[in-house]
Protein chains: 2
Amino acid sequence: MDSIIKGDCVAALNALPDNSVDVVFADPPYNLQLGGTLHRPDQSLVDAVDDEWDQFASFEAYDAFTRAWLLACRRVLKPTGTLWVIGSYHNIFRVGSILQDLHFWILNDIIWRKTNPMPNFKGRRFQNAHETLIWATPNAKAKGYTFNYESMKAANDDVQMRSDWLFPICSGSERLKDEDGKKVHPTQKPEALLARILMASTKPGDVVLDPFFGSGTTGAVAKRLGRHYVGIEREQDYIDAAAERIAAVEPLGKATLSVMTGKKAEPRVAFNTLIESGLIKPGTALTDAKRRYSATVRADGTLACGGEAGSIHRLGAKLQGLDACNGWTFWHFEEGDTLKPIDELRSVIRNDLAKLN
Amino acid sequence: MDSIIKGDCVAALNALPDNSVDVVFADPPYNLQLGGTLHRPDQSLVDAVDDEWDQFASFEAYDAFTRAWLLACRRVLKPTGTLWVIGSYHNIFRVGSILQDLHFWILNDIIWRKTNPMPNFKGRRFQNAHETLIWATPNAKAKGYTFNYESMKAANDDVQMRSDWLFPICSGSERLKDEDGKKVHPTQKPEALLARILMASTKPGDVVLDPFFGSGTTGAVAKRLGRHYVGIEREQDYIDAAAERIAAVEPLGKATLSVMTGKKAEPRVAFNTLIESGLIKPGTALTDAKRRYSATVRADGTLACGGEAGSIHRLGAKLQGLDACNGWTFWHFEEGDTLKPIDELRSVIRNDLAKLN
DNA sequence: GAGAAAGATGAATCCCTGG
DNA sequence: GCCAGGGATTCATCTTTCT
């Protein structure tokens, strides 16, 4: 926990316990398959990613590698966990296909739009200005995963967060450099990207695993956001740089971290509780906001109207001829001259519950 | 040519001649795998894409289908042709992997960012606000494909066009509707998207093939932009709607369609031509813009400097210690007190050539 | 020291013709 | 097929150097 394991990612993953990780973030080799050298129009040389770790003999070799680490990740993932992978068109289609073949279930593909991507120097293609992330659950049936919908929406001017995200590439003081001023890692990811990912799909205290830890962006952001991290990395140089980097990170305070929650995360309140607590009395008449429908509260927490009866939701739906209905907002009670939704009574209960914490 | 073939796309493709198509645009079934029905928060039913043509028994079946139509497309594609496919995360990873397995060569993946995507009604995922296109050549060696780089750049405020494009979804008057006001096709693509694609990767008069013609957006845009189209479609209802739609399209005039070209398209001029036409005399001294290097023009069209000699490009590169150099912009001649690049003399020759036409 | 100018750089599958 | 050679091609941002 909160440490970096040195070694091959599959071997290291196999040494970890089952169902122990909340989120996997993986930035695997892209298998770029670059040809010769590339010069800018000013004749300067482009520093290509030609590291040994990005070389694969064939697509088959890359696929076998991908299958192996994805399977190893799934075993350590909790059933409610999710997995993120980032890639470019060189590799992401293979990763996505294999995820589906292994019965992972894709929740979204996310586009990281770069504000400042490298240009296309020869004018023979569109500027490659984005990378793609895939967000998936370990199987199609997995339902209890964390998605902080309300936080994302609030962070996005109160409209839902979209699948296209805009961030600058990692440069300037954030980019790790060695004593000679050379970049430590050729593909260091921006912290803002990881922060978005962790804020969306983890809760404080969750465990985040990164099987291709590299310069440790995942660890640094996890520590800052009050999440635990586990990193796996083969190369000692990267491990050293990442450890030093993470040691310098100051975690944010608890108050800052409290994830904004929407209705879903609020404690569930049974309609019966309102009766039990005396907020509403059996026999009370409830109506919809326009008084088109009326029903009577029964002692067991159901509503009745003519021959029909059922929960506040079912009866509301049945009377309107719909498949579903939110009874909390549909049904109203009389207070003085005005109608108020019974949701207000639920809020009273919730406030009482909150005081207990 | 400029017609819609009724039938299965692979069978119809197999009846077309080799090397006859400049660009394929394909909008294949997405294999959405939707479970159950989805309602909006107001309980209205979301009209899902649940057509028979979008159903596949398994990923294997979808893959076999994809392989078949991609192979059939490659045979009809010219060696200089390119292929576009659009999809979502449900199918695009499979399409991309198979493209690579078949040794197509990916030029770009393009993100269509939707200005007005459907919201995520359940708040359990990010809003799926984009679709992905892949642009590829038939093989890795294919080099002579059309990419109207200068047009794209000019259309994008004079910076190169990126891989993320922003368009609204197809709606309003553009959306084909039947007599009952119901949409004719569930996934009609916006004409602006096809226009961007055809303006980028075809020339006027080119042949564009769409093996999943649907409501005929490809044909309508091709006709408007002075390109030829070939459509393949199984369902007579779609064919009828597309034919009527295309018949109503007014092609743009020739002048409107001319494509902006860059220096690469200008006629090649040998440096020797400047000497032969008397614009520059043997023995003239040329220097770079900052007068750091100097060389003498020789009668055979080469430059000499000390013991070194060669073409204007080779000598410029050698003197600077670079691999390459554009001699036309590097070397300058004296006119009065100012230095002017010899490129200005090349322009004189090109203007004379243009007058001959 | 301030501001301007010049240099550096980023996951890159990056040319085309003619002999 | 290969090889040689002409000569065309970049955006946003951060750092360093010059005025």
Side-chain angles (χ1 to χ4, degrees), chain A residues 27-51 53-55 59 86-92 112 114-132 168-175 177 181-183 185-190 212 214, chain B residues 80 100 103-109 135-137 140-145 147 149-150 153 156-163 261-272 301 310-317 322-331 342-343 346:
Chain A
D27 182 10
Y30 287 9
N31 187 25
L32 286 187
Q33 306 175 70
L34 302 177
T37 57
L38 180 65
H39 291 85
R40 299 185 181 82
D42 66 2
Q43 300 300 323
S44 63
L45 182 68
V46 174
D47 184 17
V49 177
D50 53 2
D51 303 70
W53 50 253
D54 199 48
Q55 311 294 323
F59 282 130
I86 184 167
S88 65
Y89 66 86
H90 308 84
N91 72 321
I92 200 66
W112 169 26
K114 303 180 183 183
T115 56
N116 49 349
M118 190 187 293
N120 181 287
F121 296 117
K122 305 289 187 186
R124 293 300 292 143
R125 304 179 177 200
F126 297 95
Q127 181 182 31
N128 189 12
H130 73 276
E131 295 190 22
T132 301
I169 60 175
C170 180
S171 69
S173 60
E174 187 185 322
R175 187 89 195 216
K177 310 235 172 68
K182 289 176 64 175
K183 59 191 174 199
H185 194 282
T187 71
Q188 184 180 340
K189 295 294 177 286
F212 307 99
Chain B
T80 55
Q100 292 177 316
H103 303 105
F104 280 83
W105 197 246
I106 297 176
L107 295 170
N108 282 112
D109 60 334
W135 183 38
T137 56
K141 304 259 157 53
K143 292 293 180 195
Y145 62 88
F147 177 50
Y149 175 78
E150 300 286 338
K153 184 171 172 175
N156 193 43
D157 275 351
D158 289 322
V159 293
Q160 48 181 222
M161 189 71 80
R162 296 167 45 111
S163 55
T261 56
K263 287 186 186 169
K264 279 176 185 160
E266 303 228 8
R268 182 166 288 205
V269 174
F271 181 62
N272 209 15
S311 72
I312 54 174
H313 313 297
R314 289 277 150 242
L315 189 68
L322 296 174
D323 287 339
C325 163
N326 184 341
W328 292 108
T329 53
F330 179 73
W331 294 110
I342 58 175
D343 205 19
R346 181 169 63 163

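Chain letters run A, B, ... following the sequence lines, proteins first, then strands; residues in each count from 1. Computed from a predicted structure; not experimentally measured.
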[X] near the nucleic acid: base, sugar-phosphate alone, or nothing, with a heavy-atom cut-off under 4.0 Å?
X	result
B:Ala270	nothing
A:Asn128	sugar-phosphate
A:Thr37	base
A:Gly35	nothing
A:Thr115	sugar-phosphate
B:Ile106	base
B:Glu150	sugar-phosphate
B:Arg162	nothing

B:Trp105 on top of C:dT13's base, within under 5.5 Å and under 30°?
yes
Let me see the working for A:His39 and B:Leu322 under side chain to side chain contact (heavy atoms under 4.5 Å, CB included), right down to the final yes or no.
CA-CA 11 Å; A:His39 291 85; B:Leu322 296 174; over 6 Å; no
Could you give the distance from OH (B:Tyr149) to NZ (B:Lys264), rounded to the nearest 0.5 Å?
8.5 Å
What is the distance, rounded to the nearest whole Å, between atom [atom1] of [X] and atom [atom2] of [N]?
X	N	atom1	atom2	answer
B:Lys263	C:dT17	NZ	P	18 Å
A:Arg124	C:dC15	CZ	C1'	7 Å
B:His313	C:dC15	NE2	C1'	14 Å
B:Arg268	C:dC15	CZ	P	15 Å

Take nucleotides 3-11 of chain C nucleotide by nucleotide from the 5' end and write B, S or -, depending on whether a protein heavy atom sits under 4.0 Å from the base, only from the sugar-phosphate, or from neither.
------BBB
With a 3.5 Å distance limit and no angle check, can you tell me whether A:Asp51 reaches the backbone of A:Trp53 through a side-chain donor-acceptor pair?
no
Steps toward side chain to side chain contact (heavy atoms under 4.5 Å, CB included) verdict (B:Leu107, B:Thr137)
CA-CA 7 Å; B:Leu107 295 170; B:Thr137 56; 3.6 Å; yes
Pairing string of DNA chain C (Watson-Crick or G-U wobble, both atom distances under 3.5 Å; | = paired to other strand) is .|||||||||....|||||
Side chain to side chain contact (heavy atoms under 4.5 Å, CB included) between A:Leu38 and A:Lys122: does it pass, once the steps are laid out?
CA-CA 9 Å; A:Leu38 180 65; A:Lys122 305 289 187 186; 3.7 Å; yes
Pairwise [atom1] distance for [N] and [M], with rounding to whole Å:
N	M	atom1	answer
C:dG1	D:dT19	C1'	12 Å
D:dT10	C:dG7	C1'	15 Å
D:dG7	C:dT13	P	27 Å
C:dA8	D:dT9	P	23 Å

Does the side chain to side chain contact (heavy atoms under 4.5 Å, CB included) test come out yes or no for B:Ile312 and B:Trp328, once each step is laid out?
CA-CA 7 Å; B:Ile312 54 174; B:Trp328 292 108; 3.9 Å; yes
Going 5' to 3' along DNA chain D, between which two nucleotides do contacts with chain B fall, using a heavy-atom cut-off of 4.0 Å?
D:dG5 to D:dC11
Is the base of D:dT10 syn or anti, where syn means the angle lies within 90° of 0?
anti
Given the side-chain rings of B:Tyr145 and B:Trp135, with only the six-membered ring counted for Trp, is the space between their centroids under 6.0 Å?
yes
Modelled atom types, side-chain donor and acceptor of A:His90 and A:Ser88, under 3.5 Å
yes
